[in-house]
Each structure stands twice: as C-alpha cells, then as structure tokens.
Amino acid sequence: MQKLPSSFYNRENVLQISKELLGKFLVTKIDGIKTSGMITEVEAYAGVIDRASHAYGGRRTDRTEIMYAKGGTAYVYLCYGIHHLFNVVTNKKEIPHAILIRALEPVEGISDMMLRRKKSKFDYTLTKGPGALSAALGIQVNKTGSSLHGNTIWIEDRGIKIPTKKMVVSKRIGVEYAGSDAALLYRFYIRDNPWVSRHPK
DNA sequence: GAGTAGATCCTCT
DNA sequence: GAGGATCTACTCA
C-alpha cells in the first residue's frame, strides 16, 4: 500500500496510464473522513488533439489552466451545474492530458459515502458514474488543483494488477459533440465488474 | 424495463 | 445567454 509516485503520472502515454489506474485505490480524506475505493472505470482525454477535451486546440482558460499543470494534480470541474467530475492530470507541465475517473468499487468509509449521497440503502449506484463517485468521496470543485501527493486526495497501489484480458476498451460516454473523436477507444473498465457506469451505445 | 425530462450553475462566447 | 465529460425520478407499457 503506497501512494503512486510522480513518475507514474508524468509519463507521456495517457492511454497506458489510464489502463494502469484500473485496480488502483482512490483515497480521500475530507472533513476528517477517510474514504476510498478501487478504480474500475476511466476515460482518457488526450489534450490539444482531442476534441472531447476541454484543452482541445490548446484552449487555455482559468478553468482549464489546471490541466496544464504537471502530472499528479487533481482537476475537478462542475458539469450540468450539479455534478463534480474528478480527473487526474498526467504528463509534463504544459501538456494538458487528463484521465476522468468514472467509477470505483467502495472500500473504506462506505457508511459516510452513503450519508454524502443521501442513500439509506447500499447499492451499485453509490459510486457508479463520475458525478456519483465524486459526491461519495466528498470531492468538490474547490479541490481542483490539489496535488495527489498531499493528504487530501491521493491514489494508492495496493498490489492489485488487472490483467489485460480483464480490461474492456470502448468509446467514451457523453462526448457526441466531439465529432470523429467521439469514436476514439479511450474508455477502459474492468470486465464483469458491477461497478461500471454503463455500456456505450 | 425503457425512455425522457428536469435539476442547476459555472464557464466561455 | 447558451450549454455541458451527469444522475435521478417519473412516465408509460
């Protein structure tokens, strides 16, 4: 059990990093409550050449500035006015790669996750989907720019390795506006794991 | 079980 | 002033 080093995030191949994130553990300690879960589903956003990315074409605004930070930084933003989506920034400074964490399997602090999600019953919707898992772990937009080497949000390697044959590759979700880039196979999830948001159309 | 509308607000044009 | 890397509840069958 150890935090992923900066050398994990600073690599250039965002697809490779995405695959390796499956089976890792996302941990947060927010408001004094520790919660964690195993990552089961991710999507890669390949920066300036990816029309689905906020940083497409080198677009740079107050919001996307975080994506240009060095690997190992949290990029959180608000979607549809309601949902906080959590991304991991990868690659070197000035290269705006990011990986969206879409789903995870809850491990620690499940009762607190249920409180945050206002759920009385434990079911698969607890951390299935990017907006849901952020709410469960207490991640909000004010955490954007946080370092993943600090003591608020981080990712641990607990010795679990997902074999390639257990991985499924597919199109990303909800990016129809990205034109031909919507067809890119940039989504990865663990085969037969119930904690996966949904199947692509 | 499948399909759809509403919530809700920050960011960029 | 429009729209989005979503989720849930509600309708209809």
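First the proteins, then the strands, lettered A, B, ... as listed; each starts at 1. Keep in mind that the numbers below use all heavy atoms, side chains included, and drop hydrogens, waters and symmetry copies.
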If the cut-off is 4.0 Å, is R117(A) near the phosphate of dT8(C), judged by side-chain N/O to OP1 or OP2?
yes

Give a yes/no on whether any side-chain N or O of R102(A) is located under 4.0 angstrom from OP1 or OP2 of dT6(C).
yes

Can you pull out the residues from residues 45-53 of chain A that lie within a 4.0 Å heavy-atom distance of DNA chain C?
Y45(A), A52(A)

Would you call E65(A) and R60(A) a salt bridge, taking side-chain N to carboxylate O under 4.0 Å as the test?
yes

Is R172(A) paired with E43(A) through a side-chain N to carboxylate O contact shorter than 4.0 Å?
no

Among residues at least two apart in sequence or on other chains, which ones pass ring pair (Phe, Tyr, Trp, His ring centres under 6.0 Å) with F25(A)?
none

Qualifying residues under ring pair (Phe, Tyr, Trp, His ring centres under 6.0 Å), relative to F86(A), sequence neighbours excluded
none

Nearest to the side chain of Y77(A), which nucleotide is it out of dA5(C), dT8(C), dT13(B)?
dA5(C)

Measure from the side chain of P130(A), starting at C-beta and using heavy atoms only, and say which of dA5(C), dC7(C), dT13(B) lies closest.
dC7(C)

Check the distance between dG4(C)'s P and E176(A)'s CD and give it to me in whole angstrom.
10 Å

To the nearest Å, how far apart are K118(A) NZ and dC7(C) C1'?
14 Å

Dump the pairs, protein N or O against N or O of nucleotides 6-11 of chain B, anything under 3.5 Å, distances to one decimal.
| residue | atom | partner | partner atom | Å |
| --- | --- | --- | --- | --- |
| dT8(B) | O2 | Y80(A) | O | 2.7 |

Do the numbers put [X] on top of the ring of [Y], so that NZ or CZ is under 6.0 Å from the six-membered ring centre and no more than 45° off the axis?
| X | Y | result |
| --- | --- | --- |
| R11(A) | F8(A) | yes |
| R51(A) | Y177(A) | no |
| K128(A) | W195(A) | no |

By side-chain hydrogen bond (donor to acceptor under 3.5 Å, both in side chains), which residues pair with K143(A), not counting sequence neighbours?
none

If you assign each of V175(A) and T125(A) to its closest nucleotide in DNA chain C, which residue comes earlier from the 5' end?
V175(A)

Close aromatic pair by centroid cut-off 6.0 Å: Y77(A) and H54(A)
yes

Enumerate, in order of first residue number, the stems that involve DNA chain C, defined as 3 or more consecutive Watson-Crick or G-U wobble pairs with both distances under 3.5 Å.
B:1-7 with C:6-12, B:9-12 with C:1-4

